[in-house]
Amino acid sequence: MYTGMQENTRFEELKKGFIVRVVMIMEKFNLLEKCKDAKSIFISGHVRPDGDCVGSCLAMYMYLRKALPEAEVKVFLEEPSEVFRCIKGFDEIDSTFAVEGEADVFIALDCEKSRLGAAEEIFENARKRINVDHHVSNERGCGDINYIDHSISSTAELVYDLFDRQYMDAEIAKAVYIGIVHDTGIFRYSNTSPETLRIAAELIEYGFDFPEMIDETFCEKTYAQNQLLGRALLESIVFMNGKCIVSAIDKKTLDFYNATPKDLEGIVNQLRITKGVECAIFMYATGNLEYKVSLRSCKYVDVSKVAAFFGGGGHVRAAGCTINGTFYDVANNLSKQIELQMKEHEERN
Ligand code: 5GP
Ligand code: MN
């Protein structure tokens, strides 16, 4: 982890790619020092909160409540999946976003401000804004204080780095661990670093039932979720000589299973591991001629660039966006952008 560095910009020439990518590294800051005079501290993360978002927000919530007992600490999130009920503080999440007055400190986790949804306005009005994130699409951070590192597995890993160990306990450790587990696909994705594993080792020493937690929050599927996964796999289409795979769930199917987006998590990851596939696209209908798209890649396609082209963002190997059109329009438009990168890759090799 790049700690103790001056606030600076590091240019990193991506191997083989001749692409110059700017990686912003902000200096680690003293969280408790920055919050010590605050009477109210609000925490929030991105819309459609995932495991890293929920884990990071609740870890931060528990930590600040313990370290700064005088402050009013609140956590705002769109209703997370019930699987995260095993994290302490889950019931204290405010999904109404109803606040009176301004926050002294607002901590935006795992996103830039445009993805805060209903919390964006509260963030804008806060006296001091802190942004902690690892998304490559969040180039500079949107806070007065920013701790952004694109090379780190998860926001949970960054959040843990800010914690004074004297306030750590098993419940906080569990929340951080859930965040890391979800964003690394149980330590399988390429964003897992030796440091990620060292941190995971430290966390499980606090003592919580991590195998049960992984099963409950990551692996277990309801019957309907498995049916939806099955349908998505059955109806998937491979193209570009098997290097790309696409599948969709339409509105009718979502209604039939009474499903929400939370029931579709993991489908794109299953598509991605189809042998020979470099890039997987999964989409579901969010409105009339509107699709929420998830993109994943294995080795060389930068899906954050593909998503950014359509107004979305994310990471090099996992990104998302929303696109208007029919399924075929959306698939065609995405595949053009993916093909451009594939051609560039072929020319280089
Ligand atoms: P997922 O496909 O699991 O929804 O998202 C993959 C990654 O891309 C996550 O880190 C998520 O935060 C990010 N992401 C997904 N959709 C969007 C979007 O519409 N805009 C931005 N900026 N990021 C997104
Ligand atoms: Mn994340």
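Please read all numbers here as calculations on a predicted model, not as lab measurements. Atoms within a ligand are numbered from 1 in the order they appear, just like the ligands themselves.
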- Going by the atom numbers of ligand 1, which of them fall below 4.0 Å from some non-hydrogen atom of Gly314? 8 (O), 13 (C), 23 (N)

- atom 8 (O) of ligand 1 - nearest protein heavy atom and its distance: Ala319 CA, 3.3 Å

- Shortest heavy-atom approach to atom 11 (C) of ligand 1 - which of Arg317, Arg115, His46, His134: Arg115

- Item | Option set Arg296, His182, Arg48, criterion heavy-atom distance to atom 5 (O) of ligand 1, minimum | Arg296

- Query: Hey, does the side chain of Ser304 reach the backbone of Gly314 with a donor-acceptor pair shorter than 3.5 angstrom?
  - Reply: no

- Task: Examine distances only and state if a side-chain atom of Asp52 and a backbone atom of Ala156 form a donor-acceptor pair shorter than 3.5 Å.
- Result: yes

- Query: In ligand 1, which numbered atoms sit nearer than 4.0 Å to a non-hydrogen atom of Ser294?
  - Reply: 1 (P), 2 (O), 4 (O)

- Answer with yes or no after comparing the ring centroid distance for Phe84 and His182 against a 6.0 Å cut-off, counting only values under it. yes

- Query: Applying a strict 4.0 Å limit to heavy atoms, is Glu265 in contact with ligand 1?
  - Reply: no

- Query: How close does the nearest protein non-hydrogen atom get to atom 7 (C) of ligand 1, and which residue and atom is it?
  - Reply: Ala318 O, 3.5 Å

- Task: Hey, can you tell me if Phe106 and Phe42 have their rings parallel, tilted or perpendicular (30° and 60° cut-offs)?
- Result: perpendicular

- How about His135 and His315: are their ring centres within less than 6.0 Å of each other? yes

- Message: Check this for me: does any side-chain nitrogen of one of Arg85 and Asp91 sit under 4.0 Å from a carboxylate oxygen of the other?
- Response: yes

- Task: May I ask you to check whether Asn146 and Asn138 show a side-chain donor-acceptor distance below 3.5 Å?
- Result: no

- Message: When you compare the side chains of Asp183 and His134, does any donor N or O come within less than 3.5 Å of an acceptor on the partner?
- Response: yes

- Message: I'd like to check which ligand 1 atoms, numbered from 1 as shown, lie under 4.0 Å from a non-hydrogen atom of Lys292.
- Response: 15 (C), 16 (N), 17 (C), 19 (O)

- Item | Subset of ligand 1 atoms that lie under 4.0 Å from at least one heavy atom of His315 | 10 (O)

- Item | Residues Asp133 and His150: side-chain donor-acceptor under 3.5 angstrom | no

- Task: Would you mind telling me which of Ile148, Leu109, Asp110, Asp149 makes a side-chain contact (heavy atoms from CB on, under 4.5 Å) with Leu158?
- Result: Asp149

- Task: Fit a plane to each ring of Phe282 and Tyr284, take the angle between them on a 0 to 90° scale, and name the class: parallel (under 30°), tilted (30 to 60°) or perpendicular (over 60°).
- Result: tilted

- Message: Do Ile249 and Tyr257 make a side-chain contact, defined as non-hydrogen atoms from C-beta onward lying under 4.5 Å apart?
- Response: no

- Query: So what's near the Mn ion (ligand 2), protein N, O or S atoms under 2.8 Å?
  - Reply: Asp52 OD2, Asp110 OD1, His134 NE2, Asp183 OD2

- Message: Under a 3.5 Å threshold, yes or no: a donor from one side chain and an acceptor from the other, between Ser335 and Glu339?
- Response: no

- Message: Out of all atoms in ligand 1, which are within 4.0 Å of some heavy atom of His135? Include the element for each.
- Response: 9 (C), 10 (O), 11 (C), 12 (O)

- min-distance protein heavy atom vs atom 14 (N) of ligand 1 -> Gly313 O, 3.5 Å

- Cys321 heavy atoms, cut-off 4.0 Å: which ligand 1 atoms fall inside? 16 (N), 19 (O)

- Query: Nearest protein heavy-atom contact for atom 18 (C) of ligand 1: which residue, which atom, what distance?
  - Reply: Gly320 O, 3.4 Å

- Message: With respect to Val293, determine whether any N or O atom, backbone or side chain, lies less than 3.5 Å from an N or O atom of ligand 1.
- Response: no

